[in-house]
Amino acid sequence: MFVIPDRFSYTVAHSVEEAVELLHTLEDSKVLAGGQSLIPFMKLGYASPKSLVDINRIPNLDYLDDSGESLKIGALTRISRLCDSELVAKDYPLIHDAALQIADPLVRNLGTFGGNVCHADMGDDLPAVCLAMNAEMVASGPSGQRVLAAKDFFVDRFTTLLASDELLTEVRIPKNRRGCGGAYLKLERRVGDYAIVGVAAQLEVDGDGVCRSVGIGLTSASTKPIKASEAESWLVGKSLSDEVLDKASTLAMNTSNPLSDIRGPAEYKKAMVKVLTHRALKLAYKRARGGL
Ligand SMILES: Cc1cc2nc3c(=O)[nH]c(=O)nc-3n(C[C@H](O)[C@H](O)[C@H](O)COP(=O)(O)OP(=O)(O)OC[C@H]3O[C@@H](n4cnc5c(N)ncnc54)[C@H](O)[C@@H]3O)c2cc1C
């Protein structure tokens, strides 16, 4: 049931510094990016901030830059840009897979990478991608900038490590080298829905197909986005046979602790974590070996 949100002030920030200053000084403030999660939350009465700080007019926060050591994604980069980018499609298939499966074109045109990860919903798709890719999250606050590891960023459902007066400005994704491949698989009730469960897998294999490193992030598999750490540890140093992938998928399933809800009972979701982990690892492996 929708409700009329409580009164709130609305201020437009024109720079990162101004946004941080506003977040610091205004009472009970929240960042407004694409508004695709925050506005529905306010209409549903789940959030009632007293002040909104609109960051959409801050220049230079919408970019994809792979000129350095990592792929840098500006926090205001719209999800649709990830879908349309040749660079992302070619070199970062895990991000591309996930972006294409988020909601519908209207939501993707407004929703931002930063908003999706800062919302920190267990059902949002990009947090699992950041976990699998060992991303770094760059935050600006009153005392300057700090860089947070994705594995520490997602504290609880709708809660990140960001302070209330900090702004996420950039997400840094390690560059895909030769031998790297990734995939995101999502089970949904219908196209555009939130995940029943989703699995992000990112692998690096050597010339013999032995796993050098791996990241596995899970969507809707707990009350917050989680990493399947035991499965990751099990895979490193092994040839990725079906038996090995099966054991890793079982470990990922055992790590998961999904909620029963309108998208299915917890037992079903756990079983699907196993199925999707196996398939996502297999596809990531194929891509790492140069296949599509
Ligand atoms: C119909 C519908 C279907 C959807 N389906 C999916 C789906 O299948 N998968 C999926 O992943 N998502 C889905 N979404 C959510 C969508 O992807 C949102 O875009 C995203 O979750 C939030 O991004 P936003 O830019 O709109 O953020 P906002 O709604 O503006 O903000 C979300 C939260 O993040 C905070 N925030 C935003 N940016 C920053 C920042 N730079 N620094 C600090 N805090 C910040 C805000 O204060 C707020 O708390 C759906 C949304 C709708 C409306």
Side-chain angles (χ1 to χ4, degrees), residues 2 5 8 10-11 13 15-16 19-20 22-24 26 28-44 46-58 60-63 73-83 95 97-130 137-141 145-146 148 153-154 157-171 184 186-198 200 217-220 225 263:
F2 284 105
F8 57 88
Y10 169 83
T11 317
S15 68
V16 169
V20 168
L22 288 165
L23 289 170
H24 188 65
L26 290 172
D28 186 26
S29 56
K30 260 201 170 303
V31 173
L32 175 68
Q36 296 304 292
S37 293
L38 183 56
I39 300 297
F41 258 46
M42 290 171 69
K43 286 183 168 175
L44 287 163
Y46 295 157
S48 320
K50 290 203 167 39
S51 336
L52 288 189
V53 177
D54 186 339
I55 61 168
N56 285 280
R57 313 270 171 83
I58 300 180
N60 307 324
L61 270 189
D62 174 357
Y63 55 86
I73 304 177
L76 265 182
T77 305
R78 309 289 160 182
I79 294 165
S80 55
R81 183 157 176 194
L82 304 170
C83 300
I95 302 175
D97 285 354
L100 282 171
Q101 294 179 79
I102 292 175
D104 52 51
L106 295 178
V107 172
R108 296 197 291 258
N109 282 341
L110 285 169
T112 63
F113 199 107
N116 195 282
V117 293
C118 289
H119 191 53
D121 188 3
M122 62 182 184
D124 282 346
D125 296 295
L126 295 176
V129 170
C130 291
M137 329 298 274
V138 183
S140 284
Q145 203 178 69
R146 59 182 183 142
L148 308 163
F153 188 75
F154 303 103
R157 194 171 189 191
F158 308 126
T159 309
T160 68
L161 215 51
L162 290 180
S164 57
D165 54 4
E166 271 184 315
L167 185 71
L168 182 79
T169 53
E170 182 176 277
V171 176
Y184 186 73
K186 173 175 175 177
L187 182 65
E188 10 175 47
R189 295 178 301 174
R190 57 177 186 277
V191 173
D193 195 15
Y194 286 95
I196 297 170
V197 291
L218 305 178
T219 303
S220 293
R263 292 186 176 79

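All ligand and atom numbering here is 1-based and tracks the order in the structure.
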Novice: Main chain of Met122, side chain of Arg157: is a donor-acceptor contact present, judged purely on distance under 3.5 Å?
Specialist: no

Novice: State the atoms of ligand 1, each with its element, that fall below the 4.0 Å cut-off from a heavy-atom position in Thr112.
Specialist: 23 (O), 24 (P), 25 (O)

Novice: Going by the order shown, which atoms of ligand 1 are within less than 4.0 Å of some heavy atom of Cys118?
Specialist: 34 (O), 35 (C), 36 (N), 39 (C), 40 (C), 42 (N), 43 (C), 44 (N), 45 (C)

Novice: Quick one: does Ile79 get a heavy atom under 4.0 Å from ligand 1?
Specialist: yes

Novice: Report yes or no: does Asp165 contribute a side-chain atom to a donor-acceptor pair with the main-chain N or O of His24 at less than 3.5 Å?
Specialist: no

Novice: How far is atom 28 (P) of ligand 1 from its nearest protein heavy atom, and which residue and atom name does that atom have?
Specialist: Gly35 N, 3.4 Å

Novice: Without hydrogens or angle criteria, can the side chains of Tyr10 and Ser51 be said to hold a donor-acceptor pair below 3.5 Å?
Specialist: no

Novice: Do any N/O atoms on Ala33 end up under 3.5 angstrom from N/O atoms on ligand 1?
Specialist: yes

Novice: Between Leu162 and ligand 1, which part of the residue brings a heavy atom under 4.0 Å of the ligand: side chain, backbone, both or neither?
Specialist: side chain

Novice: Mark up the atoms of ligand 1 that fall under 4.0 Å of a heavy atom belonging to Ile55, in ascending order.
Specialist: 41 (N)

Novice: Quick one: nearest non-hydrogen protein atom to atom 27 (O) of ligand 1, plus distance?
Specialist: Gly115 CA, 3.4 Å

Novice: Check contact between Asp193 and ligand 1, using heavy atoms of the residue and a distance below 4.0 angstrom.
Specialist: yes

Novice: Give me the nearest non-hydrogen protein atom to atom 50 (C) of ligand 1 as residue plus atom name, then the distance to 0.1 Å.
Specialist: Tyr194 OH, 3.0 Å

Novice: If only atom types and distance count, is the side chain of Thr219 paired as donor or acceptor with the main-chain N or O of Ala128 below 3.5 Å?
Specialist: no

Novice: Going by the atom numbers of ligand 1, which of them fall below 4.0 Å from some non-hydrogen atom of Asp124?
Specialist: 10 (C), 11 (O), 12 (N), 21 (O)

Novice: At under 4.0 Å between heavy atoms, which part of Leu76 makes contact with ligand 1: side chain, backbone, both or neither?
Specialist: neither

Novice: Taking only heavy atoms of Leu167 into account, list the atoms of ligand 1 that are under 4.0 Å away from them.
Specialist: 40 (C), 41 (N), 42 (N)

Novice: Using 0.5 Å steps for rounding, measure from the CG atom of Leu23 to the OG atom of Ser164.
Specialist: 7.5 Å

Novice: For atom 17 (O) of ligand 1, find the nearest protein heavy atom and state the residue, atom name and distance (0.1 Å precision).
Specialist: Asn116 ND2, 3.1 Å

Novice: Would the distance check show the side chain of Gln36 and the main-chain N or O of Gly34 forming a donor-acceptor pair, the cut-off being under 3.5 Å?
Specialist: yes

Novice: For atom 24 (P) of ligand 1, grab the closest protein heavy atom and report residue, atom and distance to one decimal in Å.
Specialist: Gly34 N, 3.5 Å

Novice: For ligand 1, which is the ligand I care about here, please tell me if Ala103 has any N or O atom under 3.5 Å from one of the ligand's N or O atoms.
Specialist: yes

Novice: What is the distance from atom CG of Leu167 to atom CG of Leu162, rounded to the nearest 0.5 Å?
Specialist: 8.0 Å

Novice: For atom 46 (C) of ligand 1, which of Val16, Ile58, Val31 has the closest heavy atom?
Specialist: Val31

Novice: Can you find an N or O of Ser37 that's nearer than 3.5 Å to an N or O of ligand 1?
Specialist: yes

Novice: Just by modelled atom types, is the Asp193 backbone N or O under 3.5 Å from a matching donor or acceptor in the Lys186 side chain?
Specialist: yes

Novice: Would you compute the distance between atom CG of Leu100 and atom CD1 of Ile95 and round it to the nearest 0.5 angstrom?
Specialist: 12.0 Å

Novice: May I ask you to decide if Ala75's main-chain N or O and Thr77's side chain share a donor-acceptor pair within less than 3.5 Å?
Specialist: no

Novice: So is Leu32 polar-close to ligand 1, meaning N/O to N/O under 3.5 Å?
Specialist: no

Novice: Which of the listed options, Lys186, Arg78, Gln36, Arg108, holds the heavy atom that is closest to atom 8 (O) of ligand 1?
Specialist: Lys186

Novice: Check each atom of ligand 1 against the heavy atoms of Asp125 and keep those under 4.0 Å away; list them by number with element.
Specialist: 7 (C), 8 (O), 9 (N), 10 (C), 11 (O)

Novice: How far is atom 49 (O) of ligand 1 from its nearest protein heavy atom, and which residue and atom is that?
Specialist: Lys30 NZ, 3.3 Å

Novice: I want to confirm something. Looking only at heavy atoms, which of Leu110, Leu23, Val107, Thr160 is nearest to atom 2 (C) of ligand 1?
Specialist: Val107

Novice: How far is atom 19 (O) of ligand 1 from the closest protein heavy atom, and which atom is that?
Specialist: Gly111 CA, 3.1 Å

Novice: Is the side chain of Asn56 donor-acceptor paired with the backbone N or O of Ala33 at a distance under 3.5 Å, no angle test?
Specialist: yes

Novice: Where is the tightest heavy-atom contact between Pro49 and Leu52, given as atom of each residue plus distance?
Specialist: CG-CD2, 3.8 Å

Novice: Please write down residue, atom name and distance for the protein heavy atom closest to atom 42 (N) of ligand 1.
Specialist: Leu168 N, 2.9 Å

Novice: Report the distance from atom CG of Asp124 to atom CZ of Phe158, rounding to the nearest 0.5 Å.
Specialist: 8.0 Å

Novice: When you check the gap from the basic side-chain N to the acidic O, do Arg146 and Glu166 get nearer than 4.0 Å?
Specialist: yes

Novice: Sub-3.5 Å donor-acceptor pair from the side chain of Thr112 to the main-chain atoms of Leu76, do we have one?
Specialist: no

